[in-house]
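Keep in mind that this is a model prediction, so the values were computed, not measured. Below, read A as the first sequence line, B as the second, and so on, with proteins coming before strands; counting in each chain starts at 1.
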2 protein chains.
Amino acid sequence: MGHAGIASTLLDVSAAEEPPGPVSRQERKQRTRQSLLDAALELLADRSFASLSLREVAKRAGIVPTAFYRHFTSMEELGVALVEETTRTLRGLLRGARTENSGYGGMIRASVHTLHKHVRVHEDHFRFVTRERYAGPGAVSRAIAVELRMFSSDLALDLARFDPLRTWPTEDLHLLADLIVTAMLGTVAELLDARPGDTAADERILAEAEKRLRMVLLGVPHWRPEGQPRI
Amino acid sequence: MGHAGIASTLLDVSAAEEPPGPVSRQERKQRTRQSLLDAALELLADRSFASLSLREVAKRAGIVPTAFYRHFTSMEELGVALVEETTRTLRGLLRGARTENSGYGGMIRASVHTLHKHVRVHEDHFRFVTRERYAGPGAVSRAIAVELRMFSSDLALDLARFDPLRTWPTEDLHLLADLIVTAMLGTVAELLDARPGDTAADERILAEAEKRLRMVLLGVPHWRPEGQPRI
DNA sequence: TGTACATCAGTGAACGCGCGTTCACTGATGTAC
DNA sequence: TGTACATCAGTGAACGCGCGTTCACTGATGTAC
């Protein structure tokens, strides 16, 4: 339970290591549930979700395999919970980064840096999500696809505030937003591949990420949504 | 061996189902090897590589588990062979599509359509590669990364022939090429997600893919490689 | 061409192991009176 | 406040199963003479 508790504070889910006084049955249950999530995430640091066994996760969480079923009906259900845990706060952070900055440049810089900080704090979560995104036909991949669509919709909404984009058809706006989300996911994968603690690598990756986004947005004023494109 | 043979003809590796006359020992060995690759690919249609067992593959290929080791030292080695099988011909096809067309528009259209045709013929191969790309720290993911870098280098080379790109620094060129390769991979994933035989869906996905690439390339003439970007 | 030996792809039994899931249980927490 | 009963998170034994890998083997193909 020790290091599992530490991991959970990173997400600020259950802040205190061992709170004072007696604890209700449902509080204890919630803590064991979190231990299972934390244990799974640690094991997923260098493995695929499909290769993870219920017994391993239970063992690492400090419970007997059969007690797992008190919290999740299957490993798949736990995986979906991990996906939700990953995106829970990031969506709000990114929306904030965009609304608190005006102009492409500021928005790009703030978004990239917000993403960077968040990914570095929750590396295991993002490793899990980038790995499982296309991992197969299971509930986990489906949950990830849903979350990404939400990121994309958030972004499309904010992009629509820019003058040349204001008049774009919705589908073109979503195309652009998807392109940006995909590029950002590539950046996440690069960050997770970099040697740990390699600050220079991080800065290079962030610079490249900003450059990529500028390249994409550079074409926007020249795009003709209706009629023949000029290329 | 029956349907395994059929799958292999799709790749044109061993064309005849049962050639006439006696067959040398090494020919037979090569055929069994191909059966193993085909069997693995069929099983991978809706599963992750990590969840695939040596025994399953051997069984489907029609040999006893222990005979597997006559062909590959491990499942991982088989996985790497599958990656090579996937990209073997596509690289040349895409290079051809670009050199036989001039101008962004023609190149984009030809590339997207070439990719589409190839993906549709070899769906299982591409499902495997898109799934395993980020699947973990194994040899398979590493092999995929190497292949993608080669696609990107090919593309950068061809992009350098365009006038505004001719003078770009190499790193910016590679950034642009990576962006395009990533976008194309997204298109592959969309194609594989579409309902089989849904021609309308295919056409929509291809149209979107072309649009995305045009969006990206639209910014090119306005990019300032040196000095401050205008955004 | 015929014979004797070497090679080696594929066989089949056996091993110890971790897997998911079942089941009846325990004992602390919660609730009704 | 005290007692009797209900709830339910966690236990531990047991099951049948598929796994990767070992080993000694078989018998067709290949080679040397």
Side-chain angles (χ1 to χ4, degrees), chain A residues 1-2 4-5 8 14 18-40 43-44 47-81 136 138-140, chain B residues 1-2 4-5 8 14 18-40 43-44 47-81 136 138-140:
Chain A
M1 202 93 158
S8 76
S14 65
E18 196 55 50
V23 189
S24 75
R25 187 143 74 184
Q26 87 172 352
E27 257 178 298
R28 279 206 189 286
K29 185 174 184 183
Q30 166 58 30
R31 280 192 215 167
T32 304
R33 190 190 134 98
Q34 192 59 46
S35 296
L36 285 168
L37 290 169
D38 296 342
L43 291 165
L44 284 168
R47 316 239 312 261
S48 73
F49 185 74
S51 76
L52 204 60
S53 79
L54 182 154
R55 288 179 103 102
E56 269 181 302
V57 174
K59 188 174 193 177
R60 183 155 195 135
I63 60 171
V64 112
T66 48
F68 179 94
Y69 296 105
R70 298 283 177 199
H71 304 275
F72 303 99
T73 66
S74 65
M75 280 294 291
E76 206 164 59
E77 198 177 293
L78 178 145
V80 171
V140 172
Chain B
M1 203 94 157
S8 76
S14 66
E18 195 58 50
V23 188
S24 74
R25 187 141 74 184
Q26 86 173 351
E27 256 177 300
R28 281 209 188 282
K29 185 175 184 183
Q30 167 58 29
R31 281 193 215 166
T32 305
R33 189 189 135 99
Q34 192 59 48
S35 297
L36 285 168
L37 289 169
D38 296 342
L43 291 166
L44 283 168
R47 316 242 311 263
S48 74
F49 185 74
S51 76
L52 204 61
S53 79
L54 182 153
R55 288 178 103 103
E56 268 180 303
V57 175
K59 187 173 191 176
R60 184 155 195 135
I63 61 172
V64 111
T66 49
F68 179 93
Y69 295 105
R70 298 283 176 202
H71 304 276
F72 302 99
T73 65
S74 63
M75 280 294 290
E76 204 164 61
E77 197 176 293
L78 179 144
V80 171
V140 171

Tell me if the side-chain of [X] makes a donor-acceptor pair with the base of [N], cut-off 3.5 Å, by modelled atom types.
{"X": "A:Thr66", "N": "D:dG12", "result": "yes"}
{"X": "A:Arg55", "N": "C:dG18", "result": "no"}
{"X": "B:Arg70", "N": "C:dG10", "result": "yes"}
{"X": "B:Arg28", "N": "D:dT29", "result": "no"}

Please state how far atom [atom1] in [X] lies from atom [atom2] in [N], giving the value in whole angstrom units.
{"X": "A:Gln26", "N": "C:dT29", "atom1": "CD", "atom2": "P", "value": "15 Å"}
{"X": "A:Arg60", "N": "C:dG18", "atom1": "CZ", "atom2": "C1'", "value": "17 Å"}
{"X": "A:Leu52", "N": "C:dG18", "atom1": "CG", "atom2": "C1'", "value": "13 Å"}
{"X": "B:Lys59", "N": "D:dC17", "atom1": "NZ", "atom2": "C1'", "value": "12 Å"}
{"X": "A:Leu43", "N": "C:dG18", "atom1": "CG", "atom2": "C1'", "value": "15 Å"}
{"X": "A:Phe72", "N": "D:dG10", "atom1": "CZ", "atom2": "C1'", "value": "16 Å"}
{"X": "B:Glu77", "N": "D:dG20", "atom1": "CD", "atom2": "C1'", "value": "16 Å"}
{"X": "A:Phe68", "N": "C:dT22", "atom1": "CZ", "atom2": "P", "value": "14 Å"}

If [N] has a Watson-Crick or G-U wobble mate with both distances under 3.5 Å, name it; if not, just say none.
{"N": "D:dT1", "answer": "none"}
{"N": "C:dT29", "answer": "D:dA6"}
{"N": "D:dG12", "answer": "C:dC23"}

Mind running side chain to side chain contact (heavy atoms under 4.5 Å, CB included) on B:Phe72 and B:Leu37 for me, showing each step along the way?
-> CA-CA 10 Å; B:Phe72 302 99; B:Leu37 289 169; 4.0 Å; yes
Spacing of [atom1] belonging to [X] relative to [atom2] belonging to [Y], to within rounding of 0.5 Å:
{"X": "B:His71", "Y": "B:Ser35", "atom1": "NE2", "atom2": "OG", "answer": "8.5 Å"}
{"X": "B:Arg28", "Y": "B:Arg31", "atom1": "CZ", "atom2": "CZ", "answer": "6.0 Å"}
{"X": "A:Lys59", "Y": "A:Leu43", "atom1": "NZ", "atom2": "CG", "answer": "11.0 Å"}

Minimum-distance nucleotide (side-chain atoms of [X] versus [options]):
{"X": "A:Ser53", "options": "D:dT11, D:dT29, C:dC19", "result": "C:dC19"}
{"X": "B:Ala67", "options": "D:dT21, C:dG10, D:dG30", "result": "C:dG10"}
{"X": "B:His71", "options": "C:dG30, D:dC19, C:dG10", "result": "C:dG10"}
{"X": "A:Ile63", "options": "C:dG10, D:dT11, C:dG30", "result": "D:dT11"}
{"X": "B:Arg25", "options": "C:dA9, C:dG10, C:dA28", "result": "C:dA9"}

B:Ser74 or A:Val64, whichever maps to the more 5' nucleotide of DNA chain D =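 First, find each residue's nearest nucleotide; the 5'-ward one identifies A:Val64.
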Side-chain contact test, heavy atoms from C-beta onward, threshold under 4.5 Å: evaluate it for B:Phe68 versus B:Met75 and give yes or no.
->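 They are in side-chain contact.
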Tell me, do B:Arg70 and B:Ile63 make a side-chain contact under 4.5 Å, heavy atoms counted?
->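 A side-chain contact is absent here, since even the closest heavy-atom pair is not under 4.5 Å.
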Which residue, A:Tyr69 or B:Lys29, contacts DNA chain C at a nucleotide closer to its 5' end, judged by nearest heavy atom?
->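 Residue closer to the 5' terminus by nearest nucleotide: B:Lys29.
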Examine D:dG10: is either OP1 or OP2 under 4.0 Å from a nitrogen or oxygen in the side chain of A:Thr32? Give yes or no.
->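 Checking D:dG10 against A:Thr32, a side-chain N or O does come within under 4.0 Å of OP1 or OP2.
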